[in-house]
Amino acid sequence: MIVEVIVDVSAYPIDRPFDYIVPEDLQTVIERGSRVHVPFGNRKVQGFITNIKVHSDLDISKLKEIISIIDVEPVITEELLQLSKWMTNKTLCYEIDALQVMLPAALRATYKKEIMLVEPDGVDIESLALFGAKETIAYEVFEKAGLLRLMKKYLNQGNFRLETVIKQNAKVKTIAKYRIVKDVELVHTQLNELPKNAVKQKELIEWLLMQKQPSFTMEELKSFAKANNHTVKALIDKGILEKEKKEIYREINSLEYNDQDRRFKLTDEQQEALQKINDAQDNDQNTTFLLHGITGSGKTEIYLNAIERSINEGKQAIMLVPEISLTPQMTRRFKLRFDDQVAVMHSGLSAGEKFDEWRKIWRGEVKVVVGARSAIFAPFKNLGLIILDEEHESTYKQEDTPRYHARDVAIWRSEFHNCPVILGSATPSLESYARATKDVYTLLTLNMRAKEQSLPIVNIVDMRAELKNGNRSMFSVGLADAVREKLEKNEQIVLFLNKRGFSSFVLCRDCGTVVECDNCDISLTYHREGEQLKCHYCGHEEPVPKQCPECSSEHIRFFGTGTQKVEEEITKLFPYARVLRMDVDTTRTKGSHERILKQFGDGEADILLGTQMIAKGLDFPNITLVGVLNADTTLHLADFRAAEKTFQLMTQVSGRAGRHDKEGQVYIQTYTPEHYAIEYSKSQLYEPFYHKEMLVRKQFEYPPFYYLTLVQVTHENVLLAAEYAKLATDWLRMNLSSTTMVIGPTSSAISKIQNRYRYQCLIKYKKEPILVEKLQQLIKIYRTEWIKKGIILTIDLDPSTIL
DNA sequence: TCCCGGAGCTTA
DNA sequence: AAGCTCCGGGAT
């Protein structure tokens with residue numbers, strides 16, 4: 001028996017299956033999708049079985065045997081195996097990367113180098129001492145001792161042998177439990193033989209004999225049976241009790257809430273949308289629905305209902321949210337409705353917790369997963385529904401290999417399982433809405449807020465006028481008055497600081513120099529703690545300079561608005577307001593998002609001040625005012641989606657106000673009130689914005705009118721980066737159809753990251769059937785020729801940004 | 001002549 | 001990717 005194995009090595013010449021012989025004793029447990037350990041070159045690696053066959057095309061003498069099988073039950077289902085093949089082709093990644101991304105990190109192998117002492121004769125005392133009594137020790141021991149050179153010599157001479165050891169990271173958490181041994185007679189004889197003074201022991205046995213539950217933890221024995229360590233230990237020694245290891249799941253800590261599940265009666269609109277989804281579910285149709293519902297229109301309640309239907313039919317559901325750790329309220333609602341049938345998957349969990357949640361899905365113990373992007377690979381076997389909430393969010397696209405979009409994966413899986421997909425958003429991506437208007441997706445619209453509140457009133461404030469009138473504060477008169485008013489009424493306020501592409505930087509007031517990162521073409525961000533400047537791209541840190549590095553002027557200070565600065569100003573303007581700040585600094589520790597949001601929800605603060613992370617999901621009845629302090633910053637990104645992003649953000653943030661009985665008010669402060677993305681935010685109507693933006697996209701030949709592919713070339717040397725970018729561009733121009741536009745090469749908007757200069761080429765096309773094939777050829781040229789020069793080439797099909 | 005680092009090759 | 005062999009140049 002022969003198996004094809006995709007080995008755990010991401011490199012170009014290895015991106016194909018390798019044949020291995022299955023030893024006799026393993027043949028009955030071999031399955032496609034299981035992980036195995038195999039010899040590869042002169043090391044051992046992990047791999048996935050992707051095929052089982054009788055004969056190999058190679059001579060049998062060239063084949064090696066599998067070392068061991070790790071999974072008796074495959075971790076990659078047949079469906080996911082097919083999906084990985086599709087992803088490999090769709091995102092131009094290695095097959096191993098596609099397979100790895102589907103599994104929790106805990107299942108990924110890590111490798112350790114070990115040195116084995118085979119022939120002590122001729123090895124010096126010092127080296128021998130490192131081994132002590134052990135036969136093998138870690139490679140690092142020699143490294144630390146500074147004896148690498150000597151070690152190499154011994155390896156050559158055959159005194160030592162180098163071994164790679166595969167380490168499994170997936171640790172199953174266990175708990176010790178105690179129970180009475182099965183042999184009833186023995187228990188009774190022992191019980192009779194107990195000395196008279198062993199009262200506690202006797203009591204414990206009698207108590208245990210009366211219980212239905214077979215085994216107990218020490219904790220339970222202590223609290224229920226009033227036992228103690230000594231008693232239990234004595235009984236174990238006598239052979240009456242035995243200890244066993246029980247597998248348990250890590251408990252994901254959540255704060256205490258005193259709310260409960262509430263089933264809302266659906267509005268006619270909601271009912272109508274749900275009906276269409278239900279029809280698709282009942283008829284096993286793989287329809288993709290675009291659920292376009294304004295903020296507060298009750299999309300979540302539709303999701304919950306549709307999922308419930310799938311569960312009742314014995315199927316499972318995937319619910320994706322952009323970044324779930326930011327929206328504990330959403331998770332909460334799912335847990336309340338579906339209780340322990342829900343698994344949760346997001347970046348806030350530890351590797352062990354993710355592993356446990358994944359296993360619940362894999363074993364079929366849960367019916368729903370609520371999670372971020374990677375939850376789209378949940379190994380459910382009978383999917384009935386897939387939902388992407390806030391489908392326009394760019395977090396659904398993975399930014400490094402494999403560069404997949406969760407939406408595409410969702411649609412692929414829906415075709416496999418014949419189940420519907422729901423893409424939900426108040427502000428759909430232009431791509432999705434365009435597809436809906438062309439009936440590729442089925443459009444479902446919710447125009448009314450579920451509780452029939454009107455949308456909040458949006459005021460656009462021209463900050464230039466404020467400045468002219470001598471108001472140099474970051475609060476316009478209108479917003480400041482509104483804040484004061486709401487504070488008096490004891491209502492809550494959300495203040496939003498748009499920080500994407502813009503943060504506090506250090507500027508010389510004399511020569512205008514902005515302090516930039518030495519490694520990257522990015523200005524350093526000012527952090528107040530420790531007076532540090534940090535680079536958000538490479539992590540470089542340096543203290544704030546006392547004088548300008550260019551002109552030595554001392555008039556150098558930080559500029560721009562950070563949340564801390566706004567907080568200071570709030571305390572000055574509204575001294576009695578209680579403020580909660582939510583940004584990268586205050587949410588560094590685990591669970592801090594949830595804690596802050598809960599505090600705000602419980603009314604412990606009047607003002608919630610934050611960045612992007614407060615834009616979505618907040619649903620508190622007492623929020624009646626939303627202020628956007630600086631709407632423009634996302635507008636000036638050198639990206640064709642800048643306007644779309646701004647409009648979406650404004651609409652999302654505004655939607656936080658007045659979701660319940662009280663009317664909401666919104667102030668959007670801007671220096672460019674005439675920009676259409678800002679103007680259309682006033683009405684919060686999606687359609688007019690959509691039509692306007694579509695005109696722009698058409699004019700400049702961007703998606704959804706054209707598809708994009710971004711090819712980036714980087715090198716430490718500017719000239720080489722530019723040269724090879726030109727080679728790549730010219731090659732593409734030569735080899736792609738004449739109707740395809742190949743633009744560039746140009747320097748990327750961020751021209752340097754981590755000391756590597758970046759050049760790019762943009763491919764625009766409506767139809768290019770040979771694209772993937774040609775890109776694969778280009779990759780081949782790069783992998784075999786250019787890579788030697790230190791060039792790195794990356795290809796992103798349907799990039800989410802082109803910076 | 002020894003020893004290293006780099007280039008090139010192979011992995012079943 | 002990572003480990004091996006081969007080869008050339010500088011140190012010995």
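Below, all heavy atoms of this structure are taken into account, side chains as well, without hydrogens, waters or symmetry copies.
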Side-chain donor/acceptor pairs under 3.5 Å, residues 374-383 of chain A, sequence neighbours excluded:
none

Are any of the side-chain nitrogens in A:K360 or A:E357 under 4.0 Å away from the carboxylate oxygens of its partner? yes
Expected string for nucleotides 4-12 of chain C under the B/S/- scheme (protein heavy atoms, under 4.0 Å, primed atoms plus P, OP1, OP2 as sugar-phosphate) is S--------
Suppose we call two aromatic rings close when their centres sit under 6.0 Å apart. Are A:Y404 and A:Y396 close by that rule? no
Between NZ on residue A:K354 and CD1 on residue A:I252, distance to nearest 0.5 Å: 10.5 Å
Would you compute the distance between atom OG1 of A:T50 and atom CZ of A:F18 and round it to the nearest 0.5 angstrom? 11.5 Å
Describe, in one word, how the ring planes of A:W412 and A:W86 are oriented to each other, choosing from parallel (under 30°), tilted (30 to 60°) and perpendicular (over 60°). tilted
Tested for side-chain contact (heavy atoms from CB on, under 4.5 Å) against A:I2, the lone hit among A:V22, A:I60, A:I52 is A:I60
In terms of the nearest nucleotide of DNA chain B, which residue is placed more toward the 5' end: A:G41 or A:R149? A:R149
Contact list for DNA chain C against residues 5-38 of chain A - heavy-atom distance below 4.0 Å: A:V9, A:S10, A:A11, A:P13, A:I14
What is the separation between atom CG on A:L148 and atom C1' on C:dG3, rounded to the nearest whole Å? 15 Å
Provide the start and end nucleotides, 5' to 3', of the part of DNA chain B that has atoms under 4.0 Å from heavy atoms of chain A. B:dC4 to B:dA12
Can you tell me how far C1' of C:dA2 sits from CD of A:Q46, to the nearest Å? 17 Å
What pair of heavy atoms forms the shortest contact from A:E119 to A:G158, and how long is it? CB-O, 4.1 Å
Interatomic distance, CG@A:L80 vs CG@A:L99, rounded to 0.5 Å, equals 9.0 Å
With no hydrogens and no angle check, do the side chains of A:E79 and A:H417 hold a donor and an acceptor under 3.5 Å apart? yes
Check DNA chain C against residues 112-127 of chain A and give the residues with a non-hydrogen atom under 4.0 Å, in numerical order. A:K113
Please list residues of residues 61-69 of chain A whose heavy atoms come under 4.0 Å from any atom in DNA chain B, ordered by number; otherwise none. A:K62, A:L63, A:K64
Quick test of your reading of the model: are A:R359 and A:D356 salt-bridged, counting only N-O distances below 4.0 Å? yes
Test: A:E78 and A:R32 ion pair at under 4.0 Å: yes
Output the distance between atom OG1 (A:T794) and atom CZ (A:R403), rounded to the nearest 0.5 Å. 5.0 Å
Could you state the interatomic distance from CD1 (A:I802) to CG (A:D639), rounded to the nearest 0.5 Å? 5.0 Å
Does the side chain of A:E365 come under 3.5 Å of the side chain of A:Y249 through a donor N or O and an acceptor N or O? yes
